[in-house]
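In this text the structure is predicted, and so the values were computed from the model without any measurement. Below, chains carry the letters A, B, ... as their sequence lines are ordered, and counting in each starts from 1.
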2 protein chains.
Amino acid sequence: MNEYDALKLKNQLCFPLYAVSKEITRMYKPFLDPINLTYTQYITMMVLWENDGLNVKTLGEKLYLDSGTLTPLLKKLEQQGIVTRTRHKENERNVTINVTPKGYALREDALKVPEQIVKCLHLEPEEGAMLYKILYKLLDQSK
Amino acid sequence: MNEYDALKLKNQLCFPLYAVSKEITRMYKPFLDPINLTYTQYITMMVLWENDGLNVKTLGEKLYLDSGTLTPLLKKLEQQGIVTRTRHKENERNVTINVTPKGYALREDALKVPEQIVKCLHLEPEEGAMLYKILYKLLDQSK
DNA sequence: TACAATTAAATTGTAAACAATTTAATTGTA
DNA sequence: TACAATTAAATTGTTTACAATTTAATTGTA
């Protein structure tokens, strides 16, 4: 229509991505509050539950987060008694993160979270699959 | 496969959404740095360029942001001389945001940002259109 | 008209998020 | 072996982001 069309919010792909991401994070809050995790702590625990004993760097690669975000977050999880942080003996530059028994107990409580979220997202299965595929295509590009 | 499958990162739709959103925001940085805007400031200016004279509440509805985020952000834009913030005479609860001439001059510089971003995102046109459609479907649900 | 309820911004407090720098350990090489 | 280069975490500083609360203005109603 006019010369500034490229700068209209409705013509951006980044904006609905940004807004939906925030809204979904907010949607998790009432389900994560009872188990005392924030959204970022929750996805961090997901990776650790699957992969105990990762170091900060590898954890960051999987989550697309750096040590500036992870170090304080992991210290909070440590304070809660959910993980331990120990310098690796062989290479003291690495810090190994381990899930404690309390951390594994939390996994049981967390099991009900995904099903509650699915109920809130009203997408056709094909739409969900398509969204997933396109997002990972984009994510793979930034590696 | 096993009882904890629902808690695997690869089985979440939220995670690639969250990660892609962050990566794209990061991708904007080198293009926004020269015009002295952060990503959030940039999309805020997009709305204001299109719609001068909005109040904080309406701006927040369009951007899915609250006054806790917008107030300090708008103060920074005011300090840069890009917008003005004035209490509305008729209803002093409202603060009206106006774009200054300097703010409109910035719009000219911002024009080149979208084309630079498009070059970085390697998506088929149909994929982009599909992504856009699904994201707005989700966004409309959270209203 | 009084005053309760509502509303819009701002404020407070906490947790991300990340760029840039620093620290300490390890590795590579002259 | 010395020491430069690299690497992994941690730290510093700035900006978001949002829940919860506060402040001040307006609106509704008894």
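When rounded to the nearest whole Å, the span between CG of A:L65 and P of D:dA9 equals 14 Å. Rounded to a whole Å, the OH atom of A:Y18 is 15 Å from the C1' atom of C:dC18. Between the P atom of C:dT7 and the CD atom of B:E61 lies a distance of 12 Å, rounded to the nearest Å. If you take OH of B:Y64 and P of D:dA17, they are 15 Å apart, rounded to a whole angstrom. Here the P atom of nucleotide D:dA24 and the CG atom of B:N94 are 17 Å apart, to the nearest Å. Here D:dT16 presents its P atom at 13 Å from CG of B:L59, a figure rounded to the nearest Å. When rounded to the nearest whole Å, the span between NZ of A:K89 and P of C:dA25 equals 16 Å. As rounded to whole Å, 6 Å separates atom C1' of D:dA25 from atom CZ of B:R93.
Side-chain N/O atoms of B:Y4 and A:E108 include a donor and acceptor closer than 3.5 Å.
In this structure, A:K137 forms no cation-pi arrangement with A:Y132, as its terminal cationic atom is not both closer than 6.0 Å to the ring centre and no more than 45° off the ring axis. A cation-pi arrangement is absent between B:K22 and A:Y18 under the rule of less than 6.0 angstrom and at most 45 degrees off the ring axis.
Comment: A:E78 does not engage A:K75 in a salt bridge, judged by the lack of any side-chain N to carboxylate O separation of less than 4.0 angstrom. At a threshold of 4.0 Å, the pair A:E115-A:K119 does not count as salt-bridged, since none of the basic side-chain nitrogens sits closer than that to a carboxylate oxygen.
Side-chain atoms of B:K8 never come within 3.5 Å of backbone atoms of A:E50 as a donor-acceptor pair (strictly under, hydrogens ignored).
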Item to check | Per-nucleotide pairing state of DNA chain C [Watson-Crick or G-U, under 3.5 Å; [ ] pseudoknot-crossing; | other strand] | outcome: ||||||||||||||||||||||||||||||
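When side chains are defined from C-beta on, B:V99 does not count as touching B:R107, because their heavy atoms never get closer than 4.5 Å. Between B:H88 and B:N55 the shortest side-chain heavy-atom distance does not fall below 4.5 Å.
Of all the residues in residues 66-86 of chain A, A:D66, A:G68, A:T69, A:K76 reach under 4.0 Å from DNA chain C with at least one non-hydrogen atom. The stretch residues 22-58 of chain A touches DNA chain C through A:T38, A:T40, A:Q41, each having a heavy atom under 4.0 angstrom from the strand.
Of the side-chain N and O atoms in A:N91, none sit less than 4.0 angstrom from OP1 or OP2 of D:dT7.
B:I134 and A:V118 are not part of a single hydrophobic cluster, where members link through side-chain heavy atoms under 4.5 Å apart.
Tested against A:L70, the residues A:T40, A:L77, A:L65 include a single side chain to side chain contact (heavy atoms under 4.5 Å, CB included) partner, A:L65.
The number of heavy atoms from other shown groups lying within 6.0 Å of CE (A:M130) does not exceed 12.
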